[in-house]
Amino acid sequence: MAELETGIAKNVTELIGKTPLVYLNKVVTVCGARVAAKLECMEPCSSVKDRIGYSMIADAEEKGLITPGQIHYETTGPEIWQGTAGKIDILVSGIGTGGTITGTGKYLKEKNPNIKLYGVEPTESAVLSGGKPGPHKIQGIGAGFIPGVLEVDILDEVLQVSSEESIEMAKVLALQEGLLVGISSGAAAVAALRVAQRPENEGKLIVVVFPSFGERYLSSVLFDSIKKEAENMVFEP
């Protein structure tokens, strides 16, 4: 029997990518620029790394070699370009392995060389800014060294965000925007809002990458205050 044409995916890997863009509304009231978040937390496994994982598996099956950053060049970059109808002015992304901002940024700059790329790293481990590596609480970024995948020259600027700022912003995004995201997403949002407040960016469109879902951080410092509040609750029969 011939297979019916439907909108049903043949398997979960077909759901990887094509994540939506959504404007931030409540946290940008003091900003002159618009800020849109690329919701990688809506991947099947709730992380930007779904793209990389699938790419590695497919590559292994074909017995080829993995090209660092290529998956973001082929998927994340085009999706942002198409999702913004080519109107993106600035991309903000945390830097872990460097693959996201390198691959995505390379594609976007090929489309429009005037697009600015802003990387984000922890204040406590600002290696890309010339500082020394150190402990921090922003999981997924700030490895303490310059990743080989990262093409430093492609960046227009690297912004530093503290662990405390990142954690608080992640909470604000959940409460005010309804987006349960991780700590590194909080860091990226802080950086994006800083850029959005600059006078020269009035009216520009900024896209910030939110790489992961907040549920996986339930046992982390992100939810410490809620955990303590729950522990101190008094049961009334």
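One is the number of the first residue; the rest follow in order along the sequence.
Distance CG/L91 to CD1/I88: 5.0 Å, rounded to 0.5 Å. To the nearest 0.5 Å, atoms CD (E164) and NE2 (H136) are separated by 15.5 Å. In this structure, CZ in F213 is found 13.0 Å from CD in E43, a value given to the nearest 0.5 Å. Atom CD of residue Q176 and atom OG1 of residue T29 lie 8.5 Å apart, to the nearest 0.5 angstrom. Atom CD1 of I141 and atom CD1 of I183 lie 10.0 Å apart (nearest 0.5 Å). Here the CZ-CG distance, from F210 to L173, works out to 4.5 Å after rounding to the nearest 0.5 Å.
Open room surrounds OH on Y54; 12 or fewer heavy atoms of other groups in view lie less than 6.0 Å from it.
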Please lay out, stage by stage, how E177 and Y23 fare under the test side chain to side chain donor-acceptor pair (under 3.5 Å). CA-CA 9 Å; E177 299 287 350; Y23 279 116; over 6 Å; no

Side chain to side chain contact (heavy atoms under 4.5 Å, CB included), that's the test. Do F145 and L128 meet it? Break it down for me. CA-CA 8 Å; F145 58 89; L128 297 172; over 6 Å; no

Could you walk me through whether E124 and S162 satisfy the side chain to side chain donor-acceptor pair (under 3.5 Å) test, starting with their C-alpha distance in whole Å, then the side-chain angles of each, then the deciding distance to 0.1 Å, before giving a yes or no? CA-CA 7 Å; E124 302 91 334; S162 71; 5.1 Å; no

When you look at Y118 and V158, which way does the side chain to side chain contact (heavy atoms under 4.5 Å, CB included) test go after all the steps? CA-CA 6 Å; Y118 292 84; V158 176; over 6 Å; no

Going through the checks in order, is the side chain to side chain contact (heavy atoms under 4.5 Å, CB included) test met by V161 and R194? CA-CA 10 Å; V161 179; R194 285 183 192 168; 4.1 Å; yes

Full working for side chain to side chain contact (heavy atoms under 4.5 Å, CB included) between I206 and V195: CA-CA 8 Å; I206 300 166; V195 174; 4.0 Å; yes

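Here the closest heavy-atom approach between residue M42 and residue T19 is recorded as C-CG2, 4.3 Å. A pairwise comparison of heavy atoms in Q197 and C31 identifies CG-SG, 3.4 Å as the closest pair. A196 and V35 make their closest contact through CB-CG2, 3.7 Å (heavy atoms, listed as atom of the first residue, atom of the second, distance). The two atoms that bring V120 and A188 nearest to each other are CG2-CA, 4.3 Å, heavy atoms only. Between I95 and L150, the shortest heavy-atom contact is CG2-CD2, 4.0 Å. Taking each heavy atom of L117 and G105 in turn, the nearest pair found is CD1-CA, 3.6 Å.
Ion pairing of K109 with D156 is present here, as a side-chain N (NZ or NE/NH1/NH2) and a carboxylate O approach within less than 4.0 Å.
With sequence neighbours excluded, the residues that form a salt bridge (charged side-chain N to carboxylate O under 4.0 Å, His left out) with E151 are K106. In terms of the side chain to side chain donor-acceptor pair (under 3.5 Å) criterion, residue partners of T75 (sequence neighbours excluded) are, by chain and number, R51.
In this model, no donor atom of one side chain and acceptor atom of the other lie less than 3.5 Å apart for K137 and S166. Between the side chains of S129 and E121, a donor-acceptor pair is found at a separation under 3.5 Å.
Looking at L108 and Y73, their side chains never come closer than 4.5 Å, going by heavy atoms from C-beta outward. Counting heavy atoms from C-beta outward, S185 and P211 have side chains that approach closer than 4.5 Å. Looking at heavy atoms from C-beta onward, V48 lies in side-chain contact with T100 at the 4.5 angstrom threshold. Two residues are said to be in side-chain contact when any heavy atoms from C-beta on lie closer than 4.5 Å; I80 and Y107 fail this criterion. In this structure, R34 and V28 have side chains that are not in contact, with every pair of non-hydrogen atoms separated by 4.5 Å or more. At least one side-chain heavy atom of P44 sits under 4.5 Å from a side-chain heavy atom of I16.
By the criterion of side-chain heavy atoms lying less than 4.5 angstrom apart, applied directly or through intervening Ile, Leu, Val, Met, Phe, Trp or Tyr residues, V92 is grouped together with V27 in one hydrophobic cluster. Under the 4.5 Å side-chain heavy-atom criterion for Ile, Leu, Val, Met, Phe, Trp and Tyr, M169 and I90 are members of the same hydrophobic cluster. Following chains of ILVMFWY side-chain contacts shorter than 4.5 Å, one cannot reach V209 starting from L205, and the two form parts of different hydrophobic clusters.
A donor-acceptor pair is defined here as one N or O able to donate and one able to accept, closer than 3.5 Å; such a pair exists between the side chain of S125 and the backbone of G134.
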